Every structure is written in structure tokens, then in C-alpha cells.
There are 2 protein chains.
Amino acid sequence: MDSNWKRIIISAPGKVILHGEHAVVYKEPAIAASLDLRSYLCVEKRNDDKVSVQFPDVKLAASWNIQDLKKLSILKCDPLEPQPLSEELLSSLREFTQQKKDTTDPKDLAILAFLYLYTAIQSKEGELSPLDFKLMSQLPVGAGLGSSASLSVCLSAALLTVHSVIEQPCYTDGDKVIFGQWSALHLETINKLAHQAEKIMHGNPSGIDNSVATYGGAIRFQGGNIQKIDRIPELRILLTNTKVPRSTKALVADVRKKYDKYPEIFRPVMESFRAVTEKALETYRMMSRDSINVTTDLYSVLEDLVDINQNLLKLIGVSNSTLEQICQLTSDYGLHTKLTGAGRGGCAITLLRPDTDPVRVEEVQDKLRSCGFDCWKTGVGGPGVVTHFILTQNEQALLKDLITVL
Amino acid sequence: MDSNWKRIIISAPGKVILHGEHAVVYKEPAIAASLDLRSYLCVEKRNDDKVSVQFPDVKLAASWNIQDLKKLSILKCDPLEPQPLSEELLSSLREFTQQKKDTTDPKDLAILAFLYLYTAIQSKEGELSPLDFKLMSQLPVGAGLGSSASLSVCLSAALLTVHSVIEQPCYTDGDKVIFGQWSALHLETINKLAHQAEKIMHGNPSGIDNSVATYGGAIRFQGGNIQKIDRIPELRILLTNTKVPRSTKALVADVRKKYDKYPEIFRPVMESFRAVTEKALETYRMMSRDSINVTTDLYSVLEDLVDINQNLLKLIGVSNSTLEQICQLTSDYGLHTKLTGAGRGGCAITLLRPDTDPVRVEEVQDKLRSCGFDCWKTGVGGPGVVTHFILTQNEQALLKDLITVL
């Protein structure tokens, strides 16, 4: 990157699972899509020999002397081919940060991911640069919306760009383009490193969250295989966060126990999950083929699939009374809702038609908020990681506390 | 029957579907069991040339001159081999009763069934006898509990016995037996005629209701094939009547529409229904093999199956908020509930363990009643049609308004 750069702003989206959560454990396909709620990372040059981070979402504000970080230089690797993470590397990071081995505090995990990426992605001369990292995220932490992956992807893209491992997308003056996207090859590099950072934070993540944060749109994943979906319609949704904490691990184990106790009952249920996912993919294809004039019929199919999927999830025991309450409440307004992710808490998504009355949507949002839930009117299927040339008014408002001079 | 007889009292049970409702339409198996709520029919000789009926449950009180009924004598058939019902026969019954063709009034249907059985089952001399029929039923009408079948079976058994087509079961003085059951051969005769009466009332009934009312215990039915289950444990249940009316026909059509729209999704769901039914049958067998010491584990399996089955029924769209409310309410007390029959109203059954605290059960019943539902603590798997030699105190109390001198 041009050595005269002063600041770059990069953002990456969160993700929701549209269909197939849990079934994916049984080798069935699932669909994840990017969420129009994003994490924004602002990186600025510093004039001293320090590096600092301000990630208020995880209550992290810290700075280190670059000299101290050089002790971690054993981490030096080719960013284009990141080494598999070793216990040794993790130990040295933990030793440096004086963290406990099994910490699940998002702040601790963010520090680990940051230090890994910061020390792994060096300049050609093997230097670490004095930089200031500030994050502002629209994504709630720990709600299954891929907030950590959006951070990893932003950090990975920023460091690779700053150190000229990949090129900053071009901006031609006078363009109406307000953000730039990297080439497919560069996105692959960003994604690989972000996946390594995700591993530091989450043990053995599927790679879905970082893939969606990198590529945007939607992906189909099945048995470890991640495949980009070419065309996905832009769907509007209500996203509701129950704020009920849940453990994905415990939920997956619970479903496994049921499945193993009654395999004749639950094997066909998994087939039904698969059919829902395949039907949804087929419907998306039909919608994007005729995106200008999407028929009401296709939305009816999507609504049916949301209801059926939610009932299948209830059947395998991962819904709960809070999620059922949200389904019932939105159903009273003619809207269709399913949980997304692990279940028994976490988030729910409510499908909105293009012609759903906005007043009605406001009413539902008010109701949901009055029940104590967080609720966003948002969309899915938007772009992956981008570098911002111009900030929209909304983005300027969002970032005003972090970036003093815009 | 001994010509000096004065009165016989016959009873037959209602039925509940334990598992497999709706799936049976898709050729999967289902289980129906007799309900410990019964219809009691008291038949007495009259001294005039009239025949009278008092069926207060369907608001029917009527009497006819036997001479008038002889006009219907074209109906005369061999009760051991009842003729298939013809449109001609139905027309003549409707003409006689001046009923509309598509009447669904339970009173009208009861008249048709009664007149059919009364005129079809004659004495060897081809005479119709002056008799008085009084019915007292514990079964709500039109709730899917087989109240009409229990009536048909009682009438069929009574008329066949009174006219000595089949023998009255023996009673040996001093026996502790308080009721008598007919032989398998005679039960078959009763059942066949009752099925004809059911056809008059319901068009094309499966024969499940009259089979359960006749044989008691439980039956497995699949693709029109009805098979008695040898050993069924005596299960205690709460039976809750939502009193929400429902149309079986419309519900079956609704499910068919969904199935046809999304066959890949719902075909496996039907397989899952089948697996639930088969697992329940396997569990009943294990329970009755060791009936004295049924383990808590087997009850846990039955509870799981009840929950899974209810969720499958919700998935195919035949639950509703009232039924879900009952499931939730009983679940708050650690009890497991499913709808039984067509759904979206009708009845629900809640499984009770032998060691379920009776105080707890009382509390649940009170709660359900306070919501406006009818609720009975009852059982399933009891005897089919019987003739009563001695009435229990409960039965005497039940019948006191119908039978003046007990």
C-alpha cells in the first residue's frame, strides 16, 4: 500500500443460518448468509513504537510496545500459506497474555486473535508497524451472529493490505462506488488467515462464519465443504436477539443423544431438514432469475419453509418457550419466524416480504422490544469484506465516536 | 335369550388414538386404544307395540309404532352376513325419517343408525320386538372419541342378544365376575353390524372406532388392515376436551395439500411417524412382559414418544394454540401431552405414570378446567363391549336417572 496512507476503514458482515442448523452435524446441507449488520475496523498509523486496540464491544482497550511483541516473532509465517496452529504457538500467546487455558471471555479471545494476526502478517522487511485499531460493531457478541469472524476478517484484510501482501482495491475519483472489494484470490488469502484466528478463538470452527464474512452473499455448507451460492435474492428480515445465552456444544450433544436413542425416528427428520434446505435453494434460484418481479407464490414457499424448519427444530428439542413466544407474536402479525443457529436462546429471524407494511413491522418491533428482546430490521445477502472509500451518513453516525476527524 | 328377561345393560368403550393419526392416511401404522369412558345402553321390554329410544347425549327421545317400522322391512337381512349398504336402503331410511341427505346432526345420525340396526336384526320369526332403549354415555359427542361407535356396538350387541342371534354370556351365581364378554365369534358379528351402522352415520369410516368399542384393548391399523394388539399395558391418562369443534375431513385435506406441495419434506416426516408408532408398540410389549415391575425407563420412552409425536403433528399443521396451551400447561407439571385424533381442537391425552402424585394431577385438572376445558382422569386398554351382571357403585350413580329400579 502507498506509504503515505493514514487511515483505512474496512468492514465485514455478520452471518445468519437460514436453514439446516443442527442437520449439518448429520452431514446434511445448510445455508448461511451474510447479515446487513457489520463490524467496522478503522486502522490508523501511529507516530510512536506502539500498537493499540480499542474494541469496545468486548470491552477491550490495550496497547503494547512493538519491541515486546517481537518476542512473539517465532510466529512469523508466510501469510499466503498460514501454518496450521500448533499448541506451542497457542501456549506462547497465552503465556504472553497471561491468560488461562480455557478462557471463554470474548475480550481474552479477541486479544489472542489480534496478537496472532498482528504478529503473523508482517511487512516484507519483517517489521511490525505502529498502528491503532478501532472497532465498532453492529453485531451483538456471543449471539451466534459471527461477530468474532467479522473481526478476524477485518483484521486479516487490514493487515494484509497495510503490509502490501494484497493490494488495496482501486478507487477512481468520480466513481459512484463507495467501497472496494478485493479480488477472489485476495479474498481467499484473507479468509484463510481469518479462519486461523477463528481457530484460536473457537477451537475447531467450521469456517462458515469467516467465509460468509469474507465473501458475503450466501454459502451452502455440507460435511465440511463450503460452496458459494451464486445468486441469492436480497431478503429483508427482522432479527431478534433473545439475549438468552446458550451453549452450542451442549445443544449439539443433546440432539445427538436423542438421535442415538431413537435413530429410526430422527434419521428421517434429518432427511426432512435436507429437503427444506434444498427447496429453499431452489426457491432462491427462481427468485433471482426473476428478481424484478418475484411472485408472491415464491415468498409463500419461503414462509412455509421457515415455519416447517422451525417446527423441525422444535421437534429435535432446540427451541424453547422464548423462541416459541417470538414465533407466536410475529405469527399474530402474519409473519413467519424461525430460530437461527444453535437454538434454546440466541437469535430468531423473521422473513419480511417486499410489500410487508412498514407500519406493521414497526408494531412488531415495538412488541418484541417490549418483551425485552433486541430487534433489528435488516437484510441478508449483502457484500462480504470491503474497504470503504466514502462512508454513508449512517456509517458516519455509527463511527463518530471512534473516528474523530471524518 | 331366555324369554323371561326383563332388562339388559350393555356397555362399550370409546377410543383414543395413541399414535399415528394422520400418518395412517399415508399408509403408515397407527394405534388406537379403548378408553375407560363408556356408553351404557339399557334395554327393557315394553308391554305395548312400540319401540322407544332415549339418547339424551344427542338430545334424542322418540318412539315409533312397530307397525310403521315394518314398512322398512325390506331391510331384513341375515345379521350374520349384513348386506353392504345401498343408496336405496339409505334413501328409504331418510324418507321414513324425513331427514335431509347431508345431515350431520348427531341426533339425526343416531336415529338412522338405530332404525337400521333395529329393523335389520329381527327375531328368528322375523318379528320386531317392543323394546325401550336408554343410553347414558360418559363420552362427549363429536370429540373424536368414538361415541357413535360405542352406541352402534351397544345396539348391535343388544339386538343380536335379545333376538338370540348370539348368546348372552353366562353368569354363574357367586362369581366375582360383574360383567360378561361374548366369544370372539360373536364379537365379530357384533362388530360387522356396528360397522354397517357407522357407515350410515359417517360415510366411509375406517372401522377403527367400532373395532375398539367391540374388542377393547388396543389395535394397530394400517392401510385398512385392523389387527388386535395382544398385550397392552393399562395406561393412565388425563383426557382433555378442548371443546373446539374440528372437521376431520378438512384437516386431512389440509395435510394432503401440504404433502403434495412439499413431498420431499413430508415423505420422511411420515416415516418418522411410523417409527414413533413402532417404537410405542415395542415399548408396550416390553411393559406388559414385565407388567408388575415396569421400569421408569420405559415410561420415559413413552413420554419422549408423546412429545415427539405432538411435535410431528404440529409440523404437519394440525395442532393449534389451544392444544399447544394444554401441552405447555401440563409440561409445567412435568407431564407429557399430545393431541389425539384429527387435531386443531378435539381432545388431547396426557400420560400419567403409576407414581405420578395424585395431588399434582388434581392441580393440573383444576388448571385445565379453569381454562374452560373438560378434563377426565381415566385410562386406556380396558375391555370392549360387555353385558353387565352387577353394576359397580359408580355405574349405579351414572345410570340412576335412566334406570329407576336398579
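Every chain is numbered from 1 and lettered A, B, ... according to where its sequence line falls, protein lines coming before strand lines. Computed from a predicted model, the values in this text were never measured in an experiment.
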| remark: Turns out that what part of B:Glu324 lies under 4.5 Å from chain A's heavy atoms comes down to side chain
Would one find more than 12 heavy atoms of other residues, nucleotides or ligands at under 6.0 Å from atom [atom1] of [X]?
X	atom1	result
A:Gln222	CD	yes
A:Lys228	NZ	yes
A:Lys377	NZ	yes
A:Lys261	NZ	yes

| Taking every heavy-atom pair that is under 4.5 Å apart, which of A:Leu315, A:Val269, A:Ile316 has the most such pairs with chain B? | A:Leu315
| Are side-chain heavy atoms of B:Val301 and A:Tyr262 found at a separation under 4.5 Å? | yes
| note | Heavy-atom nearest pair, A:Ala275 first then B:Glu264, reads CB-O, 3.3 Å
| said: Quick check on the structure: residues of residues 302-314 of chain A within a heavy-atom distance below 4.5 Å of chain B, by number. | reply: A:Asp304, A:Leu305, A:Ile308, A:Asn311, A:Leu312, A:Lys314
| A:Ser272 (side chain) donor-acceptor with B:Ile265 (main chain) under 3.5 angstrom | yes
